[in-house]
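In this text the structure is predicted, and so the values were computed from the model without any measurement. For ligands, and for the atoms within them, numbers begin at 1 and follow the listed sequence.
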Amino acid sequence: MIQRWHILGAGAMGRLFACKLLRLGLEPVLLMRAGSSRRETLALRFDGREEAYHCDAIGLPELQASSIEGLLVTTKANHALAAVQSCRAAITPGAPVILLHNGMGVLEALAGSGLHLLAGTTTEGAYLDATTLVHAGLGETVIGREGDSAPQWFKPFSESAERISWTSEIDNALWKKLLINCAINPLTALHRCRNGTLVDNPVLRAEMELLCEELAAVSAARGNARGASCALDWALSVVQRTAANQSSMLQDVLQGRETEIRYITGYLVAEAKRLGVPCPRNEALLRQLDSAAASH
Ligand code: KPL
């Protein structure tokens, strides 16, 4: 059993998972870029009610070697690699390192690092409203390592009411989320619209359908039959469930932050090239949003 989990990425998702771990009776420690050891108060709003949670926080420079027994990485994909490297020396050999972000490619980039890597994907919705963490939508989280059954330390997670489950087919789960993000995030970021506009506006809906045809073709070439037949249905169902939301990529664009486009559409386009599948519409979106990112 791992009692003390370090959380790298103290944004909305990192804080939400800190609250979840506290509810499981575990001891999360938020890793901060700077500052010294302290207690943090997390104000969590859910369903109109506010609750305060308290957990430890520590600045990265203060981390001791081999002090991390379990690491949950909740940074955006574009920061994950550098973030993990910044605390590499503190990670105990064999400690689970769970990557929980949109997009794909970081796991591969860390493959030779000697870390015990796992991945996860979540549909939880959370954002920071000044200092309050708003848990905007209940979602599901799946965590796993391809081909592995759930380890002993996972028991508190799976036995909890936090909707966290184990999968031995994490590649399929990550690919499914990648397709959904490819269909929704770039279009909403480019047109600066909420997710629901992708079904309400016929032009955008047609564009999303064409994107999904390409996503289905890449899935088929990758041997992912579910992705090949369900890409559009998955995207439509998430658009409907999150109609009022601003996608994470739109939020990044509006706040002048670098987006995760290279790990979302960029990963898809690289896979399409490797497999010899044309996907001009996804390529065009990648070009548009990547140059938008570069001009910030
Ligand atoms: O994951 C998301 C995101 O915004 O990054 C979706 C599922 C599209 C919800 O907005």
Subset of ligand 1 atoms that lie under 4.0 Å from at least one heavy atom of Asn102: 1 (O), 3 (C), 5 (O)
When you measure from atom 3 (C) of ligand 1 to every protein heavy atom, which one gives the shortest distance, and what is it? Ser248 OG, 3.4 Å
Any N or O of Thr242 closer than 3.5 Å to N or O of ligand 1: no
Between Ala189 and Val253, which heavy-atom pair has the shortest distance, and what is it? CB-CG2, 4.0 Å
Can you list the atoms of ligand 1 that are under 4.0 Å from a heavy atom of Val238? 7 (C)
Looking at Leu215, is its backbone amide N or carbonyl O close enough to the side chain of Ser219 to form a donor-acceptor pair, meaning the two atoms are under 3.5 Å apart? yes
Do Arg4 and Glu69 meet the salt-bridge criterion of a basic N to acidic O distance under 4.0 Å? no
Please determine whether a side-chain nitrogen of the Lys or Arg among Glu40 and Arg38 lies less than 4.0 Å from a carboxylate oxygen of the Asp or Glu. yes
Contact summary for Ile180 and Ala235, nearest pair of heavy atoms: CG1-N, 4.4 Å
Specify the closest pair of heavy atoms between Cys87 and Leu60, including all atoms of both residues, with the distance to one decimal. CB-CD2, 3.9 Å
Taking only heavy atoms of Ser247, which atoms of ligand 1 are found under 4.0 Å from at least one of them? 4 (O), 10 (O)
Any N or O of Asn185 closer than 3.5 Å to N or O of ligand 1: yes
Atom 6 (C) of ligand 1 - nearest protein heavy atom and its distance: Asn181 ND2, 4.0 Å
Is there a donor-acceptor contact under 3.5 Å from the side chain of Asn201 to the main chain of Leu204? yes
Check: Asn245 N/O within less than 3.5 Å of ligand 1 N/O: no
Contact between ligand 1 and Lys177 is defined here as a heavy atom of the residue under 4.0 Å from a ligand atom; is it met? yes
Heavy-atom pairs closer than 4.0 Å: do any link ligand 1 to the side chain of Asn195, the backbone, both, or neither? side chain
